[in-house]
Amino acid sequence: MKLEPSFYRRKNVVSVAKSLIGKLLVTTIEGSQTSGIIVETEAYSWRERGCHAYGGRKTARNEVMFEEGGRAYVYLCYGVHNLFNVVTNQRGVADAVLVRAIEPVTGLENMYRRRGQVSLYQLTSGPGKLTRALGIDRTYNGKVLYDDDVWIEDIGMKINSKHIEAGKRIGIDYAGDDANLPWRFMMKGNRWISRI
DNA sequence: TACGTGATCACG
DNA sequence: GTGATCACGTAA
């Protein structure tokens, strides 16, 4: 069953990032569905330097982060990759969770068609790879996550802290000390974790 | 380990 | 207008 708006509107973005592990991310494009279990996330809060909205800085790109929780924030990274985030918290508080990796579940054929000739474990094991596999591009920016193009559902997977590993977030050296926050969460032992 | 890639943002 | 920057992926 789809996660409800109240799931995303909680005030602690780190909790939301943790509880997204084990949920199913789904897209439906032209009637065909692709999905995967979320196995890696990162939390971003306006209060720290890693975040696009640090200090409340609002720009054309990150505007949707200031909306109520429950929308997609998709932006282009390094001119090549679309990165998919889940906006959290209440309106005006710019927090979000980056989905960094999923374990493929349905629509594998479509995923390979979009990704090209890669191995199973490379199919969705990174933030740019998974958006490519699921067909997520910037037209998804601002979409609500309880509609029918893209959503996240609870499939009853029981996850507790024993199954989750935390670490430093990846690729944000510019954030100074905030780069050391343990706000990256991974499903322990999963084969689709993005990198060591 | 190196670099392609192009939108974005803070400057004027 | 312009240039530095960047929440990555791939080949090597």
Side-chain angles (χ1 to χ4, degrees), chain A residues 8 12-18 20-21 25 36 38-67 69 71-89 93-104 111-143 145 150 152 165-187 190-196:
Chain A
Y8 302 106
N12 186 339
V13 66
V14 173
S15 305
V16 177
K18 274 189 227 173
L20 280 170
I21 301 290
L25 173 61
I38 297 172
V39 299
E40 181 178 344
T41 61
E42 282 178 357
Y44 287 88
S45 161
W46 68 277
R47 283 175 282 264
E48 45 84 21
R49 307 191 94 88
C51 185
H52 289 165
Y54 173 58
R57 186 182 63 135
K58 191 177 197 173
T59 67
R61 179 178 67 165
N62 71 12
E63 203 170 8
V64 69
M65 289 187 74
F66 290 80
E67 293 290 325
R71 288 176 186 269
Y73 169 42
V74 182
Y75 71 94
L76 189 68
C77 182
Y78 293 104
V80 188
H81 312 290
N82 292 297
L83 268 53
F84 174 80
N85 298 256
V86 172
V87 174
T88 71
N89 219 315
V93 185
D95 293 348
V97 176
L98 170 66
V99 177
R100 286 192 58 88
I102 62 174
E103 173 177 336
M111 295 194 203
Y112 279 115
R113 181 174 53 76
R114 296 180 182 126
R115 284 275 291 133
Q117 205 82 20
V118 296
S119 78
L120 178 59
Y121 297 121
Q122 289 178 17
L123 191 56
T124 54
S125 56
K129 297 177 190 175
L130 75 92
T131 53
R132 186 71 179 264
L134 297 187
I136 295 173
D137 58 24
R138 275 163 298 157
T139 65
Y140 281 69
N141 190 45
K143 279 187 190 284
L145 295 175
V150 56
I152 300 177
E165 193 175 345
K168 291 166 56 170
R169 293 172 296 174
I170 301 292
I172 54 162
D173 293 342
Y174 58 84
D177 288 344
D178 291 334
N180 294 318
L181 291 168
W183 284 9
R184 178 193 186 197
F185 302 102
M186 294 159 277
M187 189 183 290
N190 189 277
R191 302 289 307 265
W192 283 269
I193 297 305
S194 62
R195 53 170 127 160
I196 319 162

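Reminder, nothing fancy here: chain letters follow the sequence lines and each chain counts from 1.
Atom CZ in A:Arg132 sits roughly 13 Å away from atom C1' in B:dT5 (whole-Å rounding). One can place CE of A:Met65 at 12 Å from P of B:dC9, the figure rounded to the nearest angstrom. A:Ile193 has its CD1 atom 13 Å from the P atom of C:dG9, to the nearest Å. Rounded to an integer number of Å, the gap from OH of A:Tyr174 to C1' of B:dC9 is 14 Å. Put simply, CG on A:Asp137 is 14 Å from P on B:dA7, counting in whole angstrom units. Rounded to whole angstrom, the span from the CG atom of A:Asn82 across to the P atom of C:dG9 amounts to 11 Å. Distance CZ (A:Arg184) to C1' (C:dC8): 13 Å, rounded to an integer number of Å. Across the protein-nucleic acid pair, A:Tyr73 atom OH and C:dA7 atom P stand 9 Å apart, rounded to whole Å.
The closest side-chain donor-acceptor pair between A:Tyr54 and A:Arg49 falls under 3.5 angstrom. For A:Arg138 and A:Thr131, the side-chain atoms include no donor-acceptor pair closer than 3.5 Å.
Remark: A:Thr59 is in phosphate contact with B:dC9, judged by side-chain N or O atoms under 4.0 Å from OP1 or OP2. For the OP1/OP2 pair of B:dG6 and a distance below 4.0 Å, the side-chain nitrogens and oxygens of A:Arg61 include no atom meeting the criterion. Applying the 4.0 Å criterion to OP1 and OP2 of C:dC8, one finds that A:Arg195 has a side-chain N or O inside that range. Distances shorter than 4.0 Å separate some side-chain N or O of A:His52 from OP1 or OP2 on C:dA7.
Note on A:Leu98: a base of the nucleic acid sits closer than 4.0 angstrom, heavy atoms only. Using a 4.0 Å heavy-atom criterion, one finds that A:Arg115 contacts the sugar-phosphate atoms exclusively. Within 4.0 Å of A:Arg138, counting heavy atoms only, lie sugar-phosphate atoms of the nucleic acid but no base atom. Contacts of A:Gly50 with the nucleic acid, taken as non-hydrogen atoms under 4.0 Å apart, include base atoms.
In a base pair of the Watson-Crick type (N1 to N3 plus N6-O4 or O6-N4) or a G-U wobble (N1-O2 and O6-N3), with each distance short of 3.5 Å, C:dC6 is matched with B:dG6.
You can call A:Tyr44 stacked on the base of C:dA7; the centres are under 5.5 Å apart and the planes sit within 30°.
The six-membered or imidazole ring of A:Trp192 lies near that of A:Tyr121, with a centre-to-centre distance under 6.0 Å.
A salt bridge between A:Arg191 and A:Glu103 is absent, with no side-chain N of the basic residue lying under 4.0 Å from a carboxylate O of the acidic one.
In this structure, the nucleotide among B:dC9, C:dG9, C:dA7 sitting nearest to the side chain of A:Arg57 is B:dC9. The side chain of A:Val80 sits closest to B:dG4 out of B:dA7, B:dC9, B:dG4.
Remark: the backbone N or O of A:Gly142 is paired with a side-chain donor or acceptor of A:Arg71 at under 3.5 angstrom.
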